[in-house]
There are 2 protein chains.
Amino acid sequence: MTVKTGQGRNRTMGDIARLAGVSPMTVSRVVNGDARVREATRTKVEQIIRETGYVPDPAARILARAGAGRIGLLYANPSNAYLAEVLSGALEGARSVGLLLLIEPSQAGAPEEEREAVQRLSAGGAQGVIVPPPLGESQATLDAISKSRMKAVVLAAPAASEDLVSLKVDDVGAAHQMTKHLLDMGHRVIGFILGRQDQSASDDRRRGAQAAIDDVEGAVLQVEPGDFTYRSGFEAGRRLLAQSRRPTAIFASNDDMAAGALAAVHAAGLSTPRDVSVVGFDDTYLAASVWPGLTTIRQPVAAMARRAAIILGRGGENSGPVAHEMILRESTSPPSD
Amino acid sequence: MTVKTGQGRNRTMGDIARLAGVSPMTVSRVVNGDARVREATRTKVEQIIRETGYVPDPAARILARAGAGRIGLLYANPSNAYLAEVLSGALEGARSVGLLLLIEPSQAGAPEEEREAVQRLSAGGAQGVIVPPPLGESQATLDAISKSRMKAVVLAAPAASEDLVSLKVDDVGAAHQMTKHLLDMGHRVIGFILGRQDQSASDDRRRGAQAAIDDVEGAVLQVEPGDFTYRSGFEAGRRLLAQSRRPTAIFASNDDMAAGALAAVHAAGLSTPRDVSVVGFDDTYLAASVWPGLTTIRQPVAAMARRAAIILGRGGENSGPVAHEMILRESTSPPSD
DNA sequence: CTATGATGTGGTAGCGCTACCATCTTGCAT
DNA sequence: ATGCAAGATGGTAGCGCTACCACATCATAG
């Protein structure tokens, strides 16, 4: 039998069924991985599917599943690399469990907007919603979600209530690990640049760093405020470098500030890592593109989003913290004295 | 009549019709802005819709439109801020013309992957596809699209063939404008950092800059290679600053390289903008977060994506270049001599 | 006061898929 | 052999929406 292997669209499940000599139902079973199909039948159908390049219509699929199978992704801050990663992870996760992903713009800091975004999602039939930062620490969004009775998975923020699932790395532990790494290399005076105080991760990271410092005799942590921006990192870096006991390493609470601190080191006529090691947190695009590359902590953002989608779909478990990874690049070395 | 204004889902068009005392068809017309509905009827229906918070089921809508109404967005490089903006623009555009946006991961540089991504989109029923960079200059993707008979709008790249619509800013003109700005401030020796040579915008920008230089007696453009990364900008910046005729301004072909050049200025013990002005191109997140903020050229990325979606939906015109905008920040000033 | 259209509105039939139950095969014990 | 469960498959009926055409309704013209 000759099968047109072209781009002709509009192939339906019925077409595949006819070609394979089975009923549409059987094709549906094969496509959905239902166990109760004889091996021979399955193989046959799969072959036809491959030959024809058939892809089931997602819309019809969702519709037939009668309203079930929809999850939402809220987003704020469109021009943010983090979001792009969340999105691709969520998309993949949703696809893998056969869910439709509704993507809904919100607006962090505008309570009314936030509420409406959640309502649109709810009205759109989402059973669950993925909440990336900074929405996950916004009361307006969280309230609206709890009223809507949707399930929710918040990313990179603690679960503010019982019925929320939180997917985040162990910020305390990661900061501890990073600080210990610096201490192990021999650094004793370490500058620390704080993040925004309205995000709980900021304090977690400071606590982790402090804990590591406390374990080592004679080690000190010089803490400077910051707000996660490059500029605040630059200024905090300048202040740190101007101190009488100049730190030999600077740990910034995110990569943007680390990049700023790096610039401050250069501006002070010093060199990284020779004079001052600099480390960040997040492993964003910036960390790898800056020179020298930043030693930092990678959060598996896309993987977290994928898992969030799967949890919402399959009703998974709210297991423990997500594993992070320390990425070593060129911005760290033992102190030169 | 009391209407439950709660979160109860599952309201269908039929429910609204019953409440409003009309037929489902009429509700559909109101929802879709069909002109042929009496004003009184429309108002009534709209009120019920508002009271109930009814939102039509997107899946059913798409399905009923019988395969029509789908466009695709290809994407590569998930962790890219540019993409997030394209996405939000495309989403909005698609929504505004009632289209379903299929989002499909591709992989720049892997021809087989690229081909498959396009095919999935085509198989998924997309009639058109939005192609953001760098896919828009990839032969594999472009070939696959032309075979698939989908319409396509490429973003930030020239139309490689007749049936492609291209949405891009006038790179030549923008670079000319930026260079003229520097010349007008009094700069005469200007460093220029090239972009990757496999993207046509790179050469366009150089040509624009050169053209502006050629108009001014005694002005020179010192061109250094680069590849759009921070690091290449840093190194090109160093080379430029080491030259006998040190430039008083550096024009980098994108913001990443401009940020690198900025670091090189600092590293050389100089200051921006006092000793050396630095400008970029693109107005990415980086441009605003670096300090001093970069004077740069903004491309309306989200707006372009929105327009792309609308063109694919409504079959719009492939009008001229997209308007860009020069953003003045703190990284530029007249030369200090 | 009836033709003649314009203008609203309703009815019907799917879009492509899956849930559910009915039906037909099998394999195996008796 | 025969009976019977378990396994494999098919038929039917929608999911919620919109295209398409038929039918009211109304104004205007003859």
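Chain letters run A, B, ... following the sequence lines, proteins first and then strands; every chain starts at 1.
Protein atom CZ of R61(A) is 18 Å distant from nucleotide atom C1' of dG14(D), rounded to whole Å. For the pair L63(A) CG and dA19(C) P, the interatomic distance rounds to 12 Å; values are reported in whole Å. Per the geometry, CG belonging to N32(A) stands 7 Å off P belonging to dA19(C), to the nearest Å. Across the protein-nucleic acid pair, D57(B) atom CG and dC17(C) atom C1' stand 14 Å apart, rounded to whole Å. Following rounding to the nearest Å, M13(B) (CE) and dG16(D) (P) show an atom-to-atom distance of 12 Å.
Remark: R115(B) pairs with E112(B) by the salt bridge (Lys or Arg N to Asp or Glu O under 4.0 Å) rule, at least two apart or across chains. The salt bridge (Lys or Arg N to Asp or Glu O under 4.0 Å) search around R18(B) returns D15(B), not counting sequence neighbours. Residues passing the salt bridge (Lys or Arg N to Asp or Glu O under 4.0 Å) test with E92(B), sequence neighbours excluded: R306(B). Remark: S106(B) engages no residue in a side chain to side chain donor-acceptor pair (under 3.5 Å) (not counting sequence neighbours). By the side chain to side chain donor-acceptor pair (under 3.5 Å) test, D163(A) pairs with S161(A), sequence neighbours left out. Taking the side chain to side chain donor-acceptor pair (under 3.5 Å) definition, one finds that E39(B) meets it with nothing, sequence neighbours left out.
Remark: Y54(B) is not in phosphate contact with dG16(D), judged by side-chain N or O atoms under 4.0 Å from OP1 or OP2.
Proximity note for A64(B) (side chain, C-beta onward) versus dG16(C), dC17(D), dT18(C): the nearest is dC17(D). The side chain of T12(B) lies closest to dG16(D), out of dC17(C), dT18(D), dG16(D).
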A correct 5'-to-3' footprint of nucleotides 4-11 of chain D, with B, S and - meaning base, sugar-phosphate only and no protein heavy atom under 4.0 Å, is ----SBBB
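A salt bridge (charged side-chain N to carboxylate O under 4.0 Å, His left out) check over residues 100-109 of chain A, counting only residues at least two apart or in different chains, returns the pairs E104(A)-R120(A), E104(A)-R95(B).
Summary of helix geometry: the two end axes of the helix from dC1(C)-dG30(D) to dT30(C)-dA1(D), each defined by five base pairs via their C1' atoms, are inclined to each other by 50° (rounded to 10°).
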